[in-house]
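Written below as structure tokens is the structure these notes are about.
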Number of protein chains: 2
Amino acid sequence: MPSTLGFAILAALAKGAKTGYELTAVMNRPVSYFWTARHSQIHADLQKLLTDGLVRFEAEHGPGPQGKKVYHLTSEGRAVLREWVTEPPRARTERDELVLKTFASWLADPAEMAELFRVQLALHEERIAHYEHQQASFERTPDPGEPAFGNYATLWCGLSYERHRAAWCRWMIERLDPAA
Amino acid sequence: MPSTLGFAILAALAKGAKTGYELTAVMNRPVSYFWTARHSQIHADLQKLLTDGLVRFEAEHGPGPQGKKVYHLTSEGRAVLREWVTEPPRARTERDELVLKTFASWLADPAEMAELFRVQLALHEERIAHYEHQQASFERTPDPGEPAFGNYATLWCGLSYERHRAAWCRWMIERLDPAA
DNA sequence: TGCCGCATGTAACGTGTTACATGATTCC
DNA sequence: GGAATCATGTAACACGTTACATGCGGCA
């Protein structure tokens, strides 16, 4: 069984063959793609997927000492991915540093704390604008079965998340620093 | 500098002295406390905090081969914690298995996928009820500076998060299985 | 010629989970 | 006497990040 990152790689390859470098580029921006990884880990995982027969590659002449490897799913890889998709996800362990800081915020100066949340709020508002722009670029809502459905659905989730987060920041600022 | 778990331990101890066992109990339930850890890690981290002089313990006669150690913050530990609280959090890497599955959901049977989201929705609704019950047990909104403020503020965040999540699940179900 | 982007990999380290290991106290 | 709970710790492994290491191709 691949690791979760392994499935993330399979999911990315399901949309088209890619090099490890291109996979890295996809996984570096968390925008509407909720898993990240560095190239070192991706290369390591690709080798595991390779020995498990879930991906294969075509070697192409390219830059670097090792050339270029364009990876694609095998039929077994596609089957394993399809099966994984509908299995219930493992309960995720929440680990959120800002919430942890909030838990201990009664020790701090409220005005200083409010400043922290103002910075966070600005970040969320930026992302909301970015996501809304992306959403507008869809002419219509894709149907399940279309590859774009995954993009649209994760974007919806991301937007909703950012709005929830922004609302929380506003509430915190209001509570911490009602004067401003 | 302590690890983030180290700060989580300091934050918990700021509200009162505890044994490693009691800390484990607190960190096992993610309810309104967004950091989790197992006892093995907590004991390891406590020893680091100890050598850094951020916590101290009183040995008490108790169960087990080693007896019982009641840990409490030192004044330095309290100072380090207070300073950390208002520092900007590191950007968190999103890792969400359900969103990843959603990204690849175009490969799966929509009805099966909808079932997955129905199960998730039920979990979120359960937590919402739980959190609302907890929220109602506050007679009034605590002010910043009161220790309970941290509890209330993280609870607010948790509730908001669960509602966002539930809304997303409903949207997904509607899209995947409009007939039902 | 020199820099940037493409492209692959290894090694050391930090963090987190699971399993192993021990044993006193309390309640039935 | 036995089981559950309290209580602490170690070891092996998995996962993730950062830093190290190499070198081709294209462009200025």
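Please read all numbers here as calculations on a predicted model, not as lab measurements. Note that these values count all heavy atoms, side chains included, but never hydrogens, waters or copies made by symmetry. Order of the sequence lines sets the chain letters (A, B, ...), proteins ahead of strands, with each chain counted from 1.
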Length of the [atom1]-[atom2] vector between [X] and [N], whole Å:
X       : N      : atom1 : atom2 : value
B/His39 : D/dG9  : NE2   : P     : 10 Å
A/Trp35 : D/dC15 : CH2   : P     : 10 Å
B/Glu97 : D/dC15 : CD    : C1'   : 14 Å
B/Arg38 : D/dA7  : CZ    : C1'   : 17 Å
A/Ile42 : C/dA7  : CD1   : P     : 14 Å
A/Tyr21 : D/dG25 : OH    : C1'   : 13 Å
B/Asp45 : D/dT8  : CG    : P     : 15 Å
A/Leu23 : C/dT8  : CG    : C1'   : 13 Å

Task: Among C/dG9, D/dT18, C/dT17, the nucleotide that comes nearest once only the side chain of A/His43 is considered - done: C/dG9
Task: Minimum-distance nucleotide to B/Glu22 side chain [options: C/dG16, C/dT17, D/dA7] - done: D/dA7
TODO: Look at the side-chain heavy atoms of Ile, Leu, Val, Met, Phe, Trp and Tyr, link any pair under 4.5 Å apart, and say whether A/Phe57 and A/Leu5 land in one connected group.
DONE: yes
Open item on the list: Please give me every residue in residues 47-61 of chain B whose heavy atoms get under 4.0 Å of an atom in DNA chain C, ordered by residue number.
Closed with: B/Lys48, B/His61
Any side-chain N or O of [X] less than 4.0 Å from the OP1 or OP2 oxygen of [N]?
X       : N      : result
B/Lys68 : C/dT25 : no
B/Arg95 : D/dT17 : yes
A/Gln41 : D/dC15 : no

Task: ILVMFWY clustering at 4.5 Å (side-chain atoms), partners of B/Tyr161 - done: A/Tyr161
- [ ] Mind telling me whether B/His164 and A/His164 have parallel, tilted or perpendicular rings, with 30° and 60° as the class edges?
- [x] parallel
- [ ] May I ask you to decide if the ring planes of B/Phe138 and B/Tyr152 are parallel, tilted or perpendicular, using 30° and 60° as cut-offs?
- [x] perpendicular
Open item on the list: Are A/Phe7 and A/Trp35 an aromatic pair, judged by ring center distance below 6.0 Å?
Closed with: no
Open item on the list: Quick check: B/Phe149 with A/Trp106 (ring centres under 6.0 Å apart)?
Closed with: no
Open item on the list: I'd like to know if A/Ser40 reaches the base of D/dT18 with its side chain such that a donor and an acceptor end up less than 3.5 angstrom apart.
Closed with: yes
Task: Test log, rule salt bridge (charged side-chain N to carboxylate O under 4.0 Å, His left out), inputs B/Arg165 and B/Asp96 - done: CA-CA 12 Å; B/Arg165 205 73 176 177; B/Asp96 191 320; 2.8 Å; yes
